[in-house]
Amino acid sequence: MQRRKAEHRMRTLSIQQITDSVRLTSFTDSSFKTMALSANLLLPLSQETAAKRGILPSLASRATIEFPNYTALNTRLSQLYGASVHSSVRKLGDYQVFGLAASGISSRYAFGGENMAEELCRILASMLFHPLLDKDGEFPEENFSQEKRQLLELKDAEFNDKVAYAHRRCEQLLFQGQPTGIDRYGSREDLAALKRQGLVDAWNEILDTARVELFVLGDCTAREAHAFGELFRPLGSPYPLDRVYFEKPGEIQRVTEEQPVTQSKLSLGFRMDTQRGERVLFQLMNAVLGGSASSKLFQNVREKESLCYYCSSGFSWSSCSLTIDSGVDTVNMDRTEEAIFQQIEAMQRGEVTEEELLYAKLALKNSMGSLQDSLHSVENWYLGRTFDLPGQTPEQAAELLMSYTVEDVVEAARRLEPAVVYRLKGGEC
């Protein structure tokens, strides 16, 4: 039964350049009963504008002229068979990414014959182009105050999550003085000082100057995707997008902070001189090093030597960097750092077995194979490929993955350049 279903599953990927500043990616899959539409607007990160711009997607999507309050919007979403909308702010290399998305059932399941894509487009257009303003032409004070409070609470929660905090501090040090080191919402101080005056102009500036990445995903038609793309034709500015420029680090920067935590954190940051088309290779190298349960860091540093509570690596293609995060007892910090670098040096000497390579390949291939079971994962996959090979499918990536050899992985590991060692030491609780 499962085999018969798979044979009738129809998937179509289309990438269209609507204008020099607007690109549309549509992924049609007949196995879904839902569709998702999203607009992602990319602008270079700046410390001066990060907080002001970061609050805008949630503020613009909170209320519109057509849907002037939470009740009106949710009533309409309920009428559309439980459709949903959400906003997001992400960071992609040197860019702040502002997202608005709407999702719901596909039109063929709408009992009332509604064109669901058209209805979802209408709601998104209302948020993007006609947000609710007060008599002074500003975002309403109550809405602004609530969104600002929620972002400040998010900042506090991120500070209290010491795993995320240590990783973020390492990233800040790794890209100190560069846009990549700026938080997606700016600093807490900038958020606390934020005023609502000028925010409408900032929102219009985003619409006028951003690069726009559109997605129409799921059980939808080419006509519906085209209509969504045409809605954004007047927007944006055609500036080039690219990954973070590689800079060879000098002496390793070592920073230690103390906080009253029971478990200390050790985070290491590396720069990598990667070339276009090598993303999958460096994903594989990361999986062998510390990105999977069979990795060298997990098997040796955590399991065999029992030096830490966790130890894993993460790879960012958009910023050409790799970070290693671990939770350790304070007395084991020196030995853990030494053991991590020993595993990296072993890889660089060529000490990677065919078995280690195969396990890493299978873990990544399995992950790639399940991506297209979630529309959110599909969007993340293609948005993450904005800078390089935008049309590379998970199937193509998996095929390329399986072709790499031990020698390829070793050569990639030799391009790891250590730059930061950050320690968050536990003090008195």
Side-chain angles (χ1 to χ4, degrees), residues 14-27 35-46 49-50 52-67 73 85-103 115 117-133 137-139 179 184 198-217 220 222-242 318 379-380 382-387 390-391:
S14 172
I15 300 178
Q16 306 170 49
Q17 200 68 44
I18 305 297
T19 69
D20 289 342
S21 56
V22 180
R23 179 163 57 187
L24 169 67
T25 299
S26 60
F27 173 80
M35 66 171 66
L37 288 67
S38 69
N40 295 275
L41 299 99
L42 287 76
L43 277 174
L45 265 164
S46 164
T49 60
K52 178 186 291 188
R53 290 173 173 174
I55 197 173
L56 287 169
S58 57
L59 196 53
S61 63
R62 186 182 180 96
T64 73
I65 293 175
E66 185 175 1
F67 309 106
L73 176 58
V85 296
H86 74 270
S87 63
S88 63
V89 177
R90 289 179 270 192
K91 187 169 72 171
L92 203 60
D94 282 344
Y95 300 92
Q96 209 172 4
V97 185
F98 314 96
L100 288 177
S103 60
N115 183 322
E118 188 176 291
E119 295 292 343
L120 296 178
C121 272
R122 177 183 170 186
I123 293 172
L124 281 182
S126 182
M127 294 175 171
L128 281 158
F129 306 122
H130 307 292
L132 183 67
L133 307 179
E138 304 286 354
F139 288 108
R184 59 183 173 142
L199 289 181
V200 173
D201 289 339
W203 181 243
N204 290 329
E205 183 182 24
I206 290 176
L207 298 181
D208 290 339
T209 61
R211 276 288 300 270
V212 184
E213 295 288 333
L214 306 176
F215 293 90
V216 177
L217 311 168
C220 49
R223 172 182 279 185
E224 290 168 339
H226 177 75
F228 185 59
E230 287 300 305
L231 179 67
F232 291 85
R233 181 174 285 278
L235 296 187
S237 178
Y239 64 86
L241 296 173
D242 205 351
S318 58
E379 179 179 341
N380 284 341
Y382 290 106
L383 181 60
R385 277 158 176 70
T386 297
F387 308 126

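Just so it is clear, the structure is predicted and the values come from calculations on it, not from any experiment.
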Only residue of Leu207, Leu214, Leu41 satisfying side chain to side chain contact (heavy atoms under 4.5 Å, CB included) with Phe232 is Leu214
Exercise for review: Would you check if the side chain of Ser103 reaches a backbone N or O of Val85 as a donor-acceptor pair within less than 3.5 Å?
Suggested key: no
Minimum side-chain heavy-atom gap Asn40-Tyr95 below 4.5 Å:
no
Quick check against the 3.5 Å criterion: does Arg184 have a side-chain atom that pairs as donor or acceptor with the backbone of Lys91? no
Side chain to side chain donor-acceptor pair (under 3.5 Å) pairs touching residues 202-214, sequence neighbours excluded, are Arg23-Glu213
- Item | Any donor-acceptor pair under 3.5 Å from Ser126 side chain to Arg122 backbone | no
Considering only heavy atoms from C-beta outward, does the side chain of Thr49 approach that of Ser46 to under 4.5 Å? yes
Worksheet item: Can you find a heavy atom in the side chain of Asp94 that is under 4.5 Å from one in the side chain of Leu45?
Response: no
**Request:** Look only at the side chain of Gln96 and the backbone of Leu43, and say whether a donor-acceptor pair between them is shorter than 3.5 Å.
**Result:** no
List the steps, then state whether side-chain contact (heavy atoms from CB on, under 4.5 Å) holds for Met35 with Glu224. CA-CA 11 Å; Met35 66 171 66; Glu224 290 168 339; 3.9 Å; yes
For Ser88, the side chain to side chain contact (heavy atoms under 4.5 Å, CB included) test, sequence neighbours excluded, returns Arg90
- Is there side-chain contact between Gln17 and Leu24, with heavy atoms separated by less than 4.5 Å? no
